[in-house]
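Everything on this sheet refers to the single structure shown next.
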Amino acid sequence: MRSTVSPNRIATHEQARRLLTELPGPRSRALAARRAAAVASGVASVMPVFAAEASGGVVVDVDGNSLIDLGAGIAVTTIGNADPEIVSAVTAQAERFTHTCFTVAPYEGYVEVAEALNRVTPGSHSKRTALFSSGAEAVENAVKVARAATGRSAVVVFDHAFHGRTTLTMSMTAKEMPYKHGFGPFAPEIYRVPGSYPYRDGLSAAQALDRTIEAIRRQVDIGDVAAVVVEPIQGEGGFIVPAVGYLSGLADWCAEHGVLLVADEIQTGFARTGDAFACDAEGVVPDLLTTAKGIAGGLPLSAVTGREEVMNATVEGGLGGTYAGNPLSCAAALVTIDRLTSASMLERARAIEATVRPMLERAAATDARIGDIRGRGAMLAVEIVDGEGDPDAAAAKEIAARMHRQGVITLTCGSDGNVIRLLPPLTIPTDLLVEGVEVLIDALAQVA
Ligand code: PLZ
């Protein structure tokens, strides 16, 4: 089905919100009916419209409606959608070869991506990288590597954590509904502990860390712990930013006990938070770091990067996968990584926060349902609460639905589903960003 907009996918679309039909329009409704008859119902979508094209800060749907993109495909198209340089790099690679399998006939692009990641990730120590396809696969492999390197099996994860949907990673994920519901039995040797959630726990970094360590000690022999896996800012769990000093304290504790610190930067990486990686803000240097999402401008790629001696601890042939480090994805990643670790992109993410945060703070001054405003850079959220200060998921859902009907793509998150999150592409024009946040603030005012 062709859209009514530019047939040239590379063209930058008019950067404006423009609704030609009600949402969803007739073509989206027709596709929804076909979808219901063909796609498994367990696969859900946030938006009621089907995408046709996208660039900058807009997604154009199949009815020609132009929507403001405050989701970036869940923090993936940080560099913008269908970025022209990515399109030409991927096209050029596709014309040379689309696949040989790195574990069969290796190619330079994979090596270049590994070199780039070793260079831009936190820490100046000697590193090695292995590439995969999805975020969950990266987390799985980080755990495999940590177990092989330490000879230990236990893995510590946090309340509100999200690490993926495979059996191991959904076991590491905290939220039962919908991620784990009906999908057990779960992987063993996973121990869940409280982290730092200043808005809810009111604890200082030191107090929260004491609580974390105490919870680990109560559950498992520390000599059996291979790794602590942590999102430096929790994503799906609610954009929870730990108290300053918590992460560095955790890193110190891990180092003291021979436990590997794995930073899951799948959502926070590549300029999203205003630093190349969220760990950079506190000078935390993890032993292993997982990346995906923003790494390749929308092409599937993920990575585990870490200390040479840790990454090289597995047997030869122990890591891999048919599509792991796909050449098209590597071509895209080479464009993306350089750009998303450049000063101008980090500056852009910080400028997005400087624009959005004061708007939200002004709204919060007159609206008690904004319980908390948090996040960093272009990863910002509001936690919606009721009159008692308790999570109000129904209100958050209603606010998001209103935004969707008004042509703004936005997502919710949080263990209680009461957090509205903003993850715009860094290429969104400021006026469009402001308009999107105004729609959020209007929706807030309209939801009783
Ligand atoms: N680790 C920190 O945020 C993916 C999930 C979307 P995959 N988050 C979006 C959904 O509904 O499944 C994520 C993450 C963190 C790991 C993952 C998993 O990455 O590429 O989705 O496997």
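Whatever order the structure lists them in is the order used to number ligands and atoms, beginning at 1. This structure is a prediction, so every number in the text was calculated from the model and none was measured. For reference, positions follow the sequence shown, starting with 1.
The protein residues lying under 4.0 angstrom from ligand 1, judged by non-hydrogen atoms, are I74, S134, G135, A136, F162, H163, G164, R165, E231, E236, D264, I266, Q267, K293.
Between I295 atom CD1 and F270 atom CZ the span is 4.0 Å, to the nearest 0.5 Å.
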- Begin from the C-alpha positions of E236 and R421 and carry the test salt bridge (Lys or Arg N to Asp or Glu O under 4.0 Å) through to its verdict. CA-CA 9 Å; E236 303 305 306; R421 57 170 151 171; 2.8 Å; yes
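Side-chain contact check for S45 and R35: at least one donor-acceptor pair (N or O, by modelled atom type) lies under 3.5 Å.
Between the side chain of R350 and the backbone N or O of G274 there is at least one donor-acceptor pair closer than 3.5 Å. Remark: the backbone N or O of V241 is not paired with any side-chain donor or acceptor of R376 at under 3.5 angstrom.
When the options T166, T169, T167 are evaluated for a side-chain hydrogen bond (donor to acceptor under 3.5 Å, both in side chains) with E140, the one that passes is T166.
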